[in-house]
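For ligands, and for the atoms within them, numbers begin at 1 and follow the listed sequence.
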Amino acid sequence: MMALSDFVAELDQLAAQAQEAFDAASSQETLEAARIEFLGAKSGRLKAIQKQMGKVDKADKPAAGKRLNEVKQAIEETFTEASERLASGDTAGSSDVVFDTSLPGTSLAFGRLHPISQTIDELMDIMGRLGFSAAEGPEIEDDWHNFEALNIPREHPARDPLDNFYLSTAKQNANAPDDVLLLRSQTSTVQIRVMSKTPPPIRIISLGRVYRPDTADATHYPMFHQMEGLLIDKQVTMADLKSVLRLFATSYLGSEVHIRFRPSFFPFTEPSVEADFSWNDNWIEFGGAGMVDPNVLKAVGYDPDEVTGFAFGLGVERLCMRRHGVSDIREFYKNDVRFLQQF
Ligand code: DAH
């Protein structure tokens, strides 16, 4: 005897296998062979199941017969579909789906790092080879790190509210400078943060954003990036500063680059210079530098008779613009993908 449920299960399994075989066929010949295997009148597999109907209980026979007809019809339909597919010229049977490595590829557009991020990575790399390690500081700073410890006294014009993004203007008065918070206007703040925590010798760079309320034009933007450098040791001289900056400039811009110092003034360096790099017969100013002022060394608890050092602060956008021939700083912050894709 055979239970009706077993009979039905065999039929369903056969229908699934037939569908698979017909779908896989990639020519009329293979399809015909599959048809004979499943639907063949004499020894087809459906026929074999049909023969088992004799073993099904008499009472279940009508149900079994009904199911047999349904499955037969379903298998015939999938055969017709496969036959039509082949007739229409679609010979890609599912068993033939292969990856053709000789076909031309279509490239996918991946994202990329922003040109300024790429520049920062490269600058860190160059300075890393010169023995400088990267340090970081917060973008929201207090009076001490942005001004006081950098030898910028209370009445100094660099503290002008028109030149700084103060965050707590209500508290801004000469009696409570400790409460003043601002978006840092220079990365020189990181010099103080590092020296306050670490004894000499020091050899660091710090790359990050600074903020100044400038009106945006081709060369100004209210937020930009600086690379701050600081080296403190025994008997450091201006010659060391110039050598490091020359090595840096030639690594980043090419071996034809020359470097020149012009006398300048910064409260935190003495003497102070503007550093210019030559480029295609032009001298271009890249930032400030100098020997760290003894007052700064004292503010962080160093002994100016024991150690000296140099510092510099260069504009990252300016370097990147030179290198890549970008003439307007605003291009970096428009987020126009047609511009950004070029880097
Ligand atoms: N902090 C200065 C600025 O933003 C640049 C600068 C000048 C940094 C001289 C230095 C330095 O470290 O020694 O304009």
Side-chain angles (χ1 to χ4, degrees), residues 123 127 130 132 134-139 141 143-153 156-160 162-165 182-196 200 202-214 219-233 236-246 248-249 259-277 284-300 302 304 307-319 329:
L123 301 187
M127 294 309 291
L130 294 175
F132 288 76
E136 283 195 35
E139 290 178 22
E141 267 297 4
D143 181 273
W144 171 257
H145 293 91
N146 203 85
F147 299 123
E148 195 74 30
L150 285 165
N151 200 30
I152 302 175
H156 196 280
R159 291 172 178 251
D160 194 321
L162 291 174
D163 294 328
N164 293 282
F165 281 114
L182 76 164
L183 296 179
R184 68 179 178 193
S185 61
Q186 50 186 355
T187 45
S188 304
T189 53
V190 185
Q191 294 185 26
I192 304 303
R193 293 208 168 260
V194 171
M195 287 191 284
S196 310
I202 302 271
R203 197 187 275 228
I204 56 111
I205 48 158
S206 187
L207 283 133
R209 298 189 182 99
V210 298
Y211 301 85
R212 293 177 195 176
D214 288 332
T219 53
H220 296 86
Y221 206 76
M223 182 282 300
F224 59 100
H225 295 74
Q226 286 185 328
M227 175 167 76
E228 191 79 15
L230 175 70
L231 186 146
I232 305 279
D233 211 328
V236 181
T237 70
M238 285 290 264
D240 300 316
L241 168 62
K242 206 164 182 178
S243 305
V244 165
L245 285 180
R246 178 184 290 116
F248 163 73
I259 181 165
R260 156 178 106 176
F261 282 169
R262 277 179 297 113
S264 185
F265 175 79
F266 297 101
F268 32 89
T269 42
E270 181 59 37
S272 303
V273 295
E274 301 273 2
D276 299 342
F277 299 154
I284 291 135
E285 183 198 320
F286 280 92
M291 302 306 292
V292 179
D293 194 292
N295 285 343
V296 175
L297 297 175
K298 277 186 220 150
V300 296
Y302 286 7
V307 289
T308 52
F310 65 71
F312 58 87
L314 308 181
V316 173
E317 277 80 355
R318 204 170 266 198
L319 285 162
I329 190 175

Identity and separation of the nearest protein heavy atom to [atom]:
| atom | result |
| --- | --- |
| atom 3 (C) of ligand 1 | Arg212 NH2, 3.5 Å |
| atom 8 (C) of ligand 1 | Gly313 N, 3.3 Å |
| atom 2 (C) of ligand 1 | Gln186 OE1, 3.7 Å |
| atom 12 (O) of ligand 1 | Glu228 OE2, 2.6 Å |

- Message: To the closest 0.5 Å, what do you measure between OG1 (Thr187) and CD (Glu136)?
- Response: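 Here the interatomic distance stands at 12.0 Å.
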- Working to the nearest 0.5 Å, report the span between CG of Leu231 and CE of Met291. 9.0 Å
- Note on the structure: Min over Gly290, Ala311, Gly309, Gly288 of heavy-atom distance to atom 7 (C) of ligand 1 lands on Gly288
- Query: What do you reckon, does Phe268 put a non-hydrogen atom under 4.0 Å from ligand 1?
  - Reply: yes
- Message: Does the residue Ala289 have a heavy-atom contact with ligand 1, meaning some pair of atoms that are separated by less than 4.0 Å?
- Response: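 Yes, that is the case, since the closest heavy atom of the residue is under 4.0 Å from the ligand.
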- Query: Using a distance-only test with no angle check, is there a side-chain donor-acceptor pair under 3.5 angstrom linking Ser185 and Asp163?
  - Reply: no
- Task: State, without any angle test, whether Gln186 and Gln226 hold a side-chain donor-acceptor pair at a distance under 3.5 Å.
- Result: no
- Item | salt_bridge(Asp233, Arg203) N-O dist < 4.0 Å | no
- Task: Measure from the side-chain N and O atoms of Arg184 to the backbone N and O of Val190, and report whether any donor-acceptor pair falls under 3.5 Å.
- Result: no
- Message: Between Arg159 (side chain only) and Pro153 (backbone N and O only), is there a donor and an acceptor less than 3.5 Å apart?
- Response: yes
Within a distance under 4.0 Å of any heavy atom of [X], pick out the atoms of ligand 1 and give their elements.
| X | answer |
| --- | --- |
| Gln226 | 3 (C), 4 (O) |
| Thr269 | 13 (O) |
| Gln191 | 12 (O) |

- Within-cut-off N or O pair, Ser188 and ligand 1, under 3.5 Å: yes
